[in-house]
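Report on one structure; see the data block that follows.
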Amino acid sequence: MEISTQELIAQFRELSDAALLERIGAGTLIPLAYDLALQELNARGLTLSAVAEGRVPKELEWGSGEAQDDLVTVARFTLPLQAQVIRARLETEGIFAFVAGEHLGTAHAVMSVAAGSVQLQVPRHQEAAAKSILAAIDRGDYALEEEV
């Protein structure tokens, strides 16, 4: 089934803000669809971090440059799902996070490792906060207690 660029644009326009953010954050869009969804997001004045609190922090407004241009890798994973779980935790804490290499990691795990694995990236100005949360995760601060 083929879908035109105009049909994609129309579909993204019809989505609610929350649904649009969810589609973008799912990591399942092809590059063209992802770019078009981001354009719609930008047109609405939203960012991916808006998922966590339902609002857009000023420091991460799309187009500020920091959220989209100055990403640094704070962790590497073999499994994309691990990276997505940690990304969700960071975004819950108000930190924009992006999983790079997810598609290669899903389709070709061995090639993913050779290419540098799946990378969890955050804006440079949020690197220290992200590393602090990663350390807390490693210590088990977010672990769920098992019921007996």
**Asked** Should Arg87 and Phe98 count as side-chain neighbours, where that means a heavy-atom distance under 4.5 Å?
**Response** no
**Request:** Answer yes if Val118 and Ile137 sit in the same cluster of Ile, Leu, Val, Met, Phe, Trp and Tyr residues linked by side chain heavy atoms under 4.5 Å apart, and no otherwise.
**Result:** yes
**Prompt:** Are any non-hydrogen side-chain atoms of Leu134 and Arg89 less than 4.5 angstrom apart?
**Reply:** no
**Message:** I need the Gln11 CD to Glu7 CD distance, nearest 0.5 Å.
**Reply:** 7.5 Å
**Message:** Could you measure the distance from the CD atom of Glu93 to the OG atom of Ser132? Nearest 0.5 Å is fine.
**Reply:** 9.0 Å
**Item:** Shared hydrophobic cluster, Leu120 / Leu79 (ILVMFWY, side-chain heavy atoms < 4.5 Å)
**Value:** no
**Item:** Spacing of Glu91 atom CD and Gln84 atom CD [to the nearest 0.5 Å]
**Value:** 8.5 Å
**Request:** Give the minimum heavy-atom separation between Ala136 and Tyr142, together with the two atoms involved.
**Result:** CB-CE1, 3.8 Å
**Message:** Which residue in the set Ile133, Thr73, Leu71, Val74 passes side-chain contact (heavy atoms from CB on, under 4.5 Å) when paired with Val122?
**Reply:** Val74
**Message:** How close do Arg13 and Glu40 get, counting heavy atoms only, and between which atoms?
**Reply:** CG-OE1, 3.2 Å
**Request:** Check whether any side-chain heavy atom of Gln82 lies under 4.5 Å from a side-chain heavy atom of Ile86, and answer yes or no.
**Result:** no
**Message:** Just verifying a value: how many Å separate Ile95 CD1 and Glu127 CD, rounded to the nearest 0.5 Å?
**Reply:** 11.0 Å
**Prompt:** Which heavy atom in Phe96 sits nearest to a heavy atom in Pro123, and how many Å separate them?
**Reply:** O-CD, 3.3 Å
**Item:** side chain to side chain contact (heavy atoms under 4.5 Å, CB included) assessment of Leu20 paired with Arg44
**Value:** CA-CA 10 Å; Leu20 180 62; Arg44 296 181 190 190; 3.8 Å; yes
